[in-house]
Amino acid sequence: MRLDWAAMMRAGIGGLGLRPHEFWALTPAELRLMLGPMAPAPMGRARFEALCRDYPDEEKA
């Protein structure tokens, strides 16, 4: 799963008023904490299982 960096930058820099160096010093978890309820919900079990089906681990022989 790829992070939507453009949306995260809009939220952090535009929404929270962070300076670019402040934004890039944060981890995604820290940014999510700062965003509070406006942050996207964490991945649910159904989405996780769908990803596992779509991208199974390869067995090594």
Donor-acceptor list for residues 3-17 side chains, cut-off 3.5 Å, not counting sequence neighbours:
residue : atom : partner : partner atom : Å
Asp4    : OD1  : Ala7    : N            : 3.2

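For the pair Thr27 and Glu30, the minimum side-chain heavy-atom distance is below 4.5 Å.
To the nearest 0.5 Å, the span separating CZ on Phe23 from CE on Met34 amounts to 10.5 Å.
Although no hydrogens or angles enter the test, the distance criterion places a donor-acceptor pair under 3.5 Å between the side chain of Glu22 and the main chain of Arg19.
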